[in-house]
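Report on one structure; see the data block that follows.
Reminder, nothing fancy here: chain letters follow the sequence lines and each chain counts from 1. Because the structure is a prediction, the values reported are computed rather than measured.
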2 protein chains.
Amino acid sequence: MSNIRKVAELAGVSVATVSRTLKSPDIVSPRTRARVLAAVSEADYKPNLMAVQFRSRRTRNLVVLVPTISNTFFARVIGGIQQAAQQQGYSVLLCNTLGREDAERGYASMVTTRQADGVIQLRAYNPFAADAYADTALPMVNACEVLDSPPCPTVKLDNRAAARTLTEHLIDLGHRRIGMIKGPRRSPLTRDRVAGYCDALEAAGIALDERLLCPGDFTPHSGFNAAGMLLACDGRPSAIFCESDEMAIGAIKRVKQAGLSVPGDISVAGFDDITFASFSDPPLTTIAQPAEAFGRQAVSLLIDTLEGRCESPRHVILPFELVVRGSTGSKP
Amino acid sequence: MSNIRKVAELAGVSVATVSRTLKSPDIVSPRTRARVLAAVSEADYKPNLMAVQFRSRRTRNLVVLVPTISNTFFARVIGGIQQAAQQQGYSVLLCNTLGREDAERGYASMVTTRQADGVIQLRAYNPFAADAYADTALPMVNACEVLDSPPCPTVKLDNRAAARTLTEHLIDLGHRRIGMIKGPRRSPLTRDRVAGYCDALEAAGIALDERLLCPGDFTPHSGFNAAGMLLACDGRPSAIFCESDEMAIGAIKRVKQAGLSVPGDISVAGFDDITFASFSDPPLTTIAQPAEAFGRQAVSLLIDTLEGRCESPRHVILPFELVVRGSTGSKP
DNA sequence: TTGTAAGCGTTATCAC
DNA sequence: GTGATAACGCTTACAA
């Protein structure tokens with residue numbers, strides 16, 4: 001493998017001149033520059049980034065922690081992250097954590113061991129040891145999910161308003177008993193969405209029935225199971241609001257399996273607007289989020305933090321949109 | 001940030017001793033070891049991996065190039081990769097290429113610039129410059145898709161046999177006009193599967209009708225469109241074999257939209273057995289692949305290549321399984 | 001404008 | 001068993 005020394009020999013200059021030619025071509029004389037560039041291409045020289053990074057003490061790598069990459073919503077967020085990172089000269093190291101905290105910690109430690117400069121988290125969990133960054137800014141940004149503590153820059157949806165909007169849509173269709181398939185209990189995101197759901201009920205004068213709130217884990221299977229619970233419950237709901245499209249797809253399967261029709265007997269709504277939402281039968285009513293924008297904003301926030309430019313807003317709220325398709329209809 | 005020198009001072013030993021204590025604890029005296037370890041924890045010392053990698057000239061990072069991470073089949077392959085890599089002390093840098101060759105090249109160049117040791121490709125494309133590794137083994141392994149040239153270790157399915165099995169299943173159900181929604185034309189994977197489809201037709205004495213072969217790009221949308229072509233074709237098929245579950249889900253939507261039932265009027269089969277396959281309505285008949293095994297095998301093959309242990313098999317063929325669900329039925 | 005040389009943090013090779 | 005030191009490939013004062 002050719003290194004800078006070989007190129008220097010080949011061009012008959014010092015290694016410093018080679019380095020300068022490549023970093024700031026305008027400060028070397030045209031003649032030298034030409035000779036060096038010729039030598040570079042003759043030797044097919046590629047700077048050893050391991051050495052460059054080692055010397056400059058930064059990697060320009062960003063770690064992205066994703067709970068499940070096989071969700072098209074997250075995939076779109078990641079697309080936005082990769083695009084923005086590339087534009088700003090950063091690489092992305094993607095980690096599919098599958099919710100395993102040890103995996104998250106392992107990847108986050110790439111920052112403490114200097115393999116990456118910062119972390120973008122798509123889940124509410126702090127992968128760093130409690131006291132590691134007590135004095136300095138945590139090199140981390142949260143997107144999609146919010147993190148209560150420690151405080152770090154965040155880009156999120158107004159989940160409470162979105163959940164309220166979706167619930168109001170169901171109420172407008174005449175539904176009074178509306179089930180909700182939530183995310184995991186301790187998730188701040190779920191907390192906000194449940195609050196929005198409650199807001200809508202209260203505004204419509206509908207009493208909250210705790211039995212209509214079932215927890216899930218965002219997978220189709222959990223949606224399927226939770227829908228089974230709701231169907232079995234005494235005074236079953238005529239509509240179900242799922243906190244993710246994947247759970248909604250599972251819920252629809254369960255409802256059909258019970259011999260009921262969607263939305264004829266029961267309306268089902270989702271959240272995220274994944275690709276399969278419009279291929280579901282019936283197509284899903286859902287909340288669309290600007291996924292790519294999540295990614296781009298997260299990258300900006302993180303790079304601002306890393307490079308000490310913190311005048312930018314620390315919290316970004318992105319807009320949502322209610323997408324009405326065929327899975328919701330008037331109360332029978 | 002604390003470095004090895006600080007720890008050495010703190011423990012009153014040389015940096016060499018600190019390094020030895022951490023790398024091979026048994027060659028330092030118990031007393032020294034205890035002192036050093038105390039200093040390590042007091043200073044909260046973490047070795048700077050950038051320096052370690054620089055010195056050892058290996059990163060123990062593997063780049064994984066995935067066409068679309070939002071496919072649950074690929075997500076499972078990646079799960080297998082991450083698990084195997086971690087066991088062998090490697091980290092995974094995941095790249096969602098979205099089919100963009102510049103992105104693939106960009107990530108593959110992490111190998112030439114020494115940011116990673118090797119590449120696992122889940123697509124048939126050589127991201128390295130033509131002549132870069134003329135003499136030495138390409139630090140790359142192909143999984144799922146095969147690559148015709150240059151030759152590199154591969155882990156794949158017997159796609160021809162799998163396609164033949166699936167086609168025979170449809171023939172056994174009485175179908176004679178069987179449409180096929182293929183992948184991109186130039187894909188070796190598609191070539192093999194089309195060959196298996198032809199094998200089955202030929203064995204059953206059914207003439208090949210080129211009009212029943214429609215290309216797609218593995219997305220639900222392309223399946224939807226291709227199914228539209230097949231429905232419009234003169235002498236429309238009574239069964240459609242899709243080269244991916246995602247396309248099958250799109251095809252089912254299109255068939256239903258035409259007022260036809262699946263499998264009542266038209267049977268539809270997929271390939272991959274993604275999560276949504278069993279949540280589709282009707283649930284998909286498909287070919288299940290041992291996704292995690294693909295990942296694990298690819299990692300073994302790559303690490304064998306990187307570490308010069310090449311006695312292991314260069315090509316691994318994994319088994320498939322026909323999963324019959326509700327989307328295929330007897331010819332009406 | 002160019003060359004010399006120090007230094008980034010670690011590990012390996014020598015001595016002792 | 002331990003310490004001094006060179007080396008990895010690059011960048012950047014500083015000197016010429």
Here the distance between atom P of D/dC8 and atom NZ of A/Lys6, to the nearest Å, is 12 Å
Rounded to whole Å, the CG-C1' distance (A/Leu49 to D/dG9) equals 11 Å
By nearest-heavy-atom nucleotide on DNA chain D, the more 5' of B/Arg114 and B/Ala16 is B/Ala16
Atom CZ of B/Arg5 and atom P of C/dT10 are separated, to the nearest Å, by 9 Å
Treating B/Ser19 as the side-chain partner and B/Val15 as the backbone partner, does any N or O pair qualify as donor plus acceptor under 3.5 Å?
no
From OH of A/Tyr45 across to P of D/dG9 the rounded distance in Å is 10 Å
Atom CE of A/Met50 and atom C1' of C/dT11 are separated, to the nearest Å, by 13 Å
* So does A/Arg57 reach the base of C/dG9 with its side chain, donor to acceptor, closer than 3.5 Å? -> no
Of the listed C/dT10, D/dT2, D/dT12, the closest approach to the B/Thr17 side chain comes from D/dT2
Rounded to whole Å, CZ of A/Arg20 lies from P of C/dT1 at a distance of 11 Å
B/Gln53 versus A/Gln53, side-chain donor and acceptor atoms under 3.5 Å
no
Of the listed D/dT12, D/dT5, D/dT2, the closest approach to the B/Thr32 side chain comes from D/dT2
| query | Using a cut-off of less than 4.0 Å, is there contact between a side-chain N or O of B/Ser29 and OP1 or OP2 of D/dT2? | reply | yes
Partner of A/Phe74 under side chain to side chain contact (heavy atoms under 4.5 Å, CB included), picked from A/Asn96, A/Ile69, A/Leu122, is A/Leu122
Item to check | N/O (side chain, B/Ser19) to phosphate O (OP1/OP2, C/dT11) under 4.0 Å | outcome: yes
Checking C/dA5, C/dG9, C/dA12 against the side chain of B/Ala51 (C-beta onward), the nearest is C/dG9
Taken to the nearest whole Å, CD1/B/Ile4 to C1'/D/dA4 is 14 Å
Within the stacking criterion (centroid distance below 5.5 Å, interplanar angle below 30°), does B/Phe54 stack on D/dC8? yes
When A/Val52 and B/Arg31 are each assigned the nearest nucleotide of DNA chain D, the 5'-most assignment goes to B/Arg31
Does B/Thr154 reach the main-chain N or O of B/Cys152 with its side chain, forming a donor-acceptor pair under 3.5 Å? yes
A/Arg35 side chain to A/Ala11 backbone, donor-acceptor under 3.5 Å = yes
Looking only at D/dG9, C/dT11, C/dG9, the nucleotide nearest the A/Asn3 side chain is D/dG9
On DNA chain C, more 5' by nearest nucleotide between A/Asp26 and A/Val15 is A/Asp26
Side-chain atoms of B/Arg55 come closest, of D/dG1, C/dT11, D/dA4, to C/dT11
Between NZ of B/Lys23 and P of D/dT2 the distance, given in whole Å, is 18 Å
